[in-house]
S.K.: 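Quick one: this structure, given as C-alpha cells, is what I'll be asking you about.
Reminder, nothing fancy here: chain letters follow the sequence lines and each chain counts from 1.
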Amino acid sequence: MDQQTLLDEVVGSEYKYGFTSDIEQELLPKGLSEDVVRFISARKNEPEWMLEWRLKAYQQWKTMKEPTWPNVDYPPVDFQDIIYWAAPKKKPELNSLDEVDPELLATFEKLGIPLEEQKVLAGVAVDVVFDSVSVKTTFQDKLAELGIIFCPISEALENHPELVRQYIGSVVPPNDNFYAALNSAVFSDGSFVYIPKGVRCPIELSTYFRINARNSGQFERTLIIADEGSYVSYLEGCTAPQRDENQLHAAVVELVAHDRAEIKYSTVQNWFPGDKDGKGGIYNFVTKRGICAGVDSKISWTQVETGSAITWKYPSVVLKGDNSIGEFYSVAVTNNKQQADTGTKMIHIGRNTRSRIVSKGISAGVSQNSYRGLVKVLPVAQGARNFSQCDSLLIGDACGAHTFPYLEVANSTATVEHEATTSKIGEDMLFYCNQRGIDTEAAVALIVNGYAREVLNQLPMEFAVEAQKLLAISLEGSVG
Amino acid sequence: MTPLLQITNLHASIEDREILKGIDLSVNAGEVHAIMGPNGSGKSTLASVLAGREDYTVTEGSVLFNGKELMELSPEERSREGLFLAFQYPVEIPGVSTANFVKTAVNESRKHRGQEPLEPAAFLSLMRERMALVEMDPSFLQRSLNEGFSGGEKKRNEIFQMAMLDPVLAVLDETDSGLDIDALRIVASGVNALRRADNATIVITHYQRLLDHIVPDFVHVLWNGRIVKSGDKSLALELEQRGYDWLKQESAVEA
Ligand SMILES: Nc1ncnc2c1ncn2[C@@H]1O[C@H](COP(=O)(O)OP(=O)(O)O)[C@@H](O)[C@H]1O
Ligand SMILES: [Mg+2]
C-alpha cells in the first residue's frame with residue numbers, strides 16, 4: 001500500500017484518531033506457519049526454551065477451534081490473511097524523548113497524548129508499544145532504584161529470563177483457549193512488570209498500545225508479578241487508526257499477586273469501532289486473568305470499553321490465597337453496530353475469599369451488549385463471598401442488552417448475591433435536563449457518567465477524566 | 001409596558017387531541033399570576049408547552065417571551081433565556097450529584113450570556129446560600145439528583161435550582177402538592193425571596209392555601225383548555241368556597 005492510498009484513507013475519515021503513521025515498517029508476508037513462529041522468535045533473539053514454548057502453543061492452536069459461544073456475530077477470520085510480524089525498521093536506542101522518531105511523536109500529538117507532558121505532569125512512566133516492538137521506555141532509572149522491573153517483555157527475556165520462564169503461561173496456559181494459544185505462538189511484544197517484596201510502586205505504570213501496520217494482527221503479551229507485600233497500579237489505554245478490513249487483536253494479560261500483594265489493573269479501550277455500518281472496526285479477543293496466589297492478596301480489574309467492532313473479554317481472578325480479594329469494575333459502551341460480550345470470572349478456592357463485580361453496560365444505536373459472568377466457589381472455599389451488580393442502560397429502542405450470570409457454588413458456607421437493573425434514558429430525563437439549559441448531548445454525557453460513576457471512581461484521577469470524555473464522545477449522536 | 005410574556009390564542013394538541021383551546025395571557029415584570037383549575041384542565045400542558053416539551057404540537061397562536069417568539073427556541077434555549085419550570089414531578093437522575101447537575105445547568109446559562117464558568121469555591125458558597133433559602137441541608141449537594149428524596153425535598157430542590165438559575169419567568173407547576181404546612185411555608189418564602197421588579201412568576205395550583213403564602217396579583221381559572229375567568233386574589237378565595245362547578249356552568253352557558 002503506497003503513501004497516497006494511506007493518505008486517502010486518512011482524509012475524510014470519520015474517526016478522529018483515524019490515521020496511519022508512516023514510520024517505515026518491516027513486514028513478514030501474510031500467513032501463519034511453524035516458520036513464521038521460528039522467524040518471530042529468532043528476530044527477537046529469544047532463548048531456545050521460548051521458541052519451544054511458542055512451537056508447542058502453535059501445535060495446540062492448530063487442533064483448536066474458534067469459540068462460538070459469545071453472543072457476537074462476525075464473518076469468519078482468515079488466519080492466513082494476517083501479517084504476524086511488523087516492526088519499525090529502525091529500532092532506536094534512546095535515552096531521551098528528543099531521540100524518538102519525530103513521526104512517532106507527531107502520532108502521539110494526534111492522539112492527544114503528549115508524551116512529555118504525560119511524563120512530567122502525571123508522573124507516569126510510559127512504555128510505548130508501537131506495533132510490535134517497544135520503542136521507548138521511561139522512568140527506568142527511578143524504578144530500577146526500587147528494584148522494580150518495567151520493560152518490554154522481549155527485554156525481560158534477555159535480562160530476566162528466569163522470571164519470565166517461571167511465570168509466563170502460569171495463569172493463562174497456552175492451551176487455555178483458541179486465542180490464548182494463538183497469542184502464545186506469535187506474541188509480538190508487551191510489557192513485563194516485577195515488583196519486589198515489600199515495594200510500593202510510586203507511580204502509575206502505563207502502556208499505550210497502538211495497532212499500526214496494515215493487517216498486522218496485534219498479539220500483545222503482558223505479565224505482571226507483584227511479590228509479597230507489594231503494590232502496583234497499571235494503566236493500559238489505546239486508540240487505533242481507521243481500517244477498511246477488520247483487524248484482529250488477541251492479547252493475553254497475566255497477573256500474579258503473592259502474599260499480601262495488590263495489583264490494580266485499569267484499561268481504557270478505545271479502538272476503532274467501525275463506521276456507522278460496522279465496517280472496518282477492530283476485533284478484540286482478549287484473555288486477561290490474574291491469580292491471587294498468596295494470602296490476603298488482591299487483584300482489581302477496572303475497564304472502560306468504548307471501542308472495537310467486537311469485544312470478547314473476561315478479565316478474571318483466581319482467588320487461591322486465603323482471604324484474598326478479586327474485583328471487577330466495568331463500563332462497556334456499544335453504539336451503532338458494535339457488539340460486546342464481556343464480563344468476568346471469579347474462581348473462589350481459598351478460605352474467606354471475597355469478590356465484587358460491578359458491571360455497567362450502555363447500549364445505543366443497533367448495538368448488542370452482553371454481560372457474561374461466572375462466580376465459581378469450590379468445595380474448599382469455606383466462607384467465600386461474592387457480590388455482583390450488573391446494570392444495563394439503554395439509549396433508544398433498537399439496541400440490546402443481555403446478562404448471562406452463571407453461578408457454580410459448591411460450598412454451603414458461601415454467600416453469593418446478585419443484583420441486576422435495566423434502565424433507559426427516557427424523554428422525561430432528557431427534557432428535565434433541557435429545561436435546565438443542558439442540551440441533549442450534554443445531558444446524555446451527564447447521565448451516562450453518573451450511571452458509570454461507581455466504576456469511573458475506581459480509575460486513577462487523570463484516567464477518569466479521559467474516560468469521562470471518551471464516554472461522551474462514543475455516544476455522540478445517539479439520541480435525537 | 002411590553003409584557004414579559006404574551007400568550008395569544010395558543011392552541012396545542014397531543015396525539016391529535018386538542019388540550020389547549022385558545023389561551024390568552026399576558027404577564028408583566030414584577031407580577032405573580034396564579035393559574036387554578038380542576039384536574040385535567042390543561043395546567044401542566046400549558047407549562048410543558050411554554051417549556052418546549054416536544055410531545056405537544058402547537059397548532060395555532062404565539063407566545064412572545066421578552067420579545068422573542070418562544071416557539072422558535074429549543075427547550076434549552078428557553079431555559080438559558082430565563083424561563084424556568086418547577087416540575088410537578090421532578091425526575092431522578094442516579095449517579096449525578098445535585099451539585100454537579102446544578103453546576104452544569106448554571107454554567108450553560110452563563111456561557112449563553114458570555115460569562116465564564118463560576119470558580120468552584122464561589123459556586124459552592126452560592127449554592128450553600130441559596131439552599132438556605134429553602135432550608136435544604138448542604139448534604140443534599142452530594143446526593144444523586146432527587147434520588148430517594150421525599151416529595152417535599154424534591155420540591156425544595158426545584159426552588160433551590162430556581163434560585164441558582166435566577167430566571168426571568170418562573171412557572172411553578174403544583175409545587176405545593178404533597179407538601180405539609182411547614183414545607184409549604186418554606187417553599188413559599190423561598191419563592192417570595194426571589195421576587196423582584198424585573199422578574200415574574202406563574203404559580204399553578206388547585207388549592208388556595210399556597211396563595212396565602214405566595215400572594216398573586218392575578219388569578220386565572222383554566223378549564224377545558226381555556227381561561228374561563230380572571231380576577232384578583234379574591235377569586236381564589238371564592239373558588240375555595242364554591243368549588244369549580246359554578247364556573248363550569250357559567251362557561252358552558254357562554255359557549
Ligand atoms: N401524554 C399525554 N397523552 C395524552 N393525553 C394527555 C397527555 N398528557 C396530558 N394529557 C391529557 O391532557 C389533559 C390535560 O392534562 P394536564 O395538562 O396534565 O392537566 P392538569 O395539569 O390541569 O391537571 C388531560 O385530559 C390529560 O389526560
Ligand atoms: Mg398538572
S.K.: Of all of A:D439, A:I425, A:I447, A:N449, which one pairs up most often with chain B through heavy atoms under 4.5 Å apart?
M.R.: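 Sorted descending by pairs with chain B, the first entry is A:D439.
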
S.K.: Quick check against the 3.5 Å criterion: does A:S316 have a side-chain atom that pairs as donor or acceptor with the backbone of A:Y314?
M.R.: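 Present.
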
S.K.: Given heavy-atom pairs under 4.5 angstrom as the criterion, report whether the side chain, backbone, both or neither of B:P167 touches chain A.
M.R.: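 No part of it gets close to chain A.
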
S.K.: For a quick test of reading the model, state the closest non-hydrogen atom pair linking A:A420 to A:D391 and the distance between them.
M.R.: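 Distance-wise, the nearest heavy atoms are C-OD1, 4.1 Å.
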
S.K.: Using non-hydrogen atoms only, which part of B:L85 is less than 4.5 Å away from chain A: side chain, backbone, both, or neither?
M.R.: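 Its backbone and side chain both get close to chain A.
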
S.K.: Residues in salt bridge (Lys or Arg N to Asp or Glu O under 4.0 Å) with B:E81, at least two apart?
M.R.: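 Scan of B:E81 (salt bridge (Lys or Arg N to Asp or Glu O under 4.0 Å), adjacent residues dropped) gives B:K68.
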
S.K.: Using non-hydrogen atoms and a 4.5 Å limit, figure out which bit of A:Y432 sits close to chain B: side chain, backbone, both or neither.
M.R.: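 The answer is both parts of A:Y432.
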
S.K.: Okay, side chain of A:Q303, backbone of A:E305: is any donor-acceptor separation there less than 3.5 Å?
M.R.: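 Here the side-chain-to-backbone pair does not exist.
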
S.K.: So which part of A:E454 gets closer than 4.5 Å to some heavy atom of chain B, the side chain, the backbone, both or neither?
M.R.: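 For A:E454, there is no contact with chain B at all, as no heavy atom is under 4.5 Å.
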
S.K.: With a 4.5 angstrom heavy-atom cut-off, which part of B:F101 approaches chain A: side chain, backbone, both or neither?
M.R.: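 Backbone plus side chain of B:F101, per the 4.5 Å heavy-atom cut-off to chain A.
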
S.K.: Using heavy-atom distances under 4.5 Å, tell me whether B:R53 contacts chain A through its side chain, its backbone, both, or neither.
M.R.: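 Both parts, backbone and side chain.
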
S.K.: Name every donor-acceptor pair, under 3.5 Å, that has one atom in a side chain of residues 137-147 of chain B and the other anywhere in the protein, sequence neighbours excluded.
M.R.:
unit_1, atom_1, unit_2, atom_2, d
B:D137, OD1, B:S139, N, 2.9
B:D137, OD1, B:S139, OG, 2.7
B:R143, NH2, B:G148, O, 3.4
B:S144, OG, B:G95, N, 2.9
B:N146, OD1, B:N157, ND2, 3.0
B:N146, ND2, B:V91, O, 2.8

S.K.: Between the side chain of B:N199 and the main-chain N/O of B:R196, is any donor-acceptor distance below 3.5 Å?
M.R.: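 Judged by distance alone, yes, a pair lies under 3.5 Å.
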
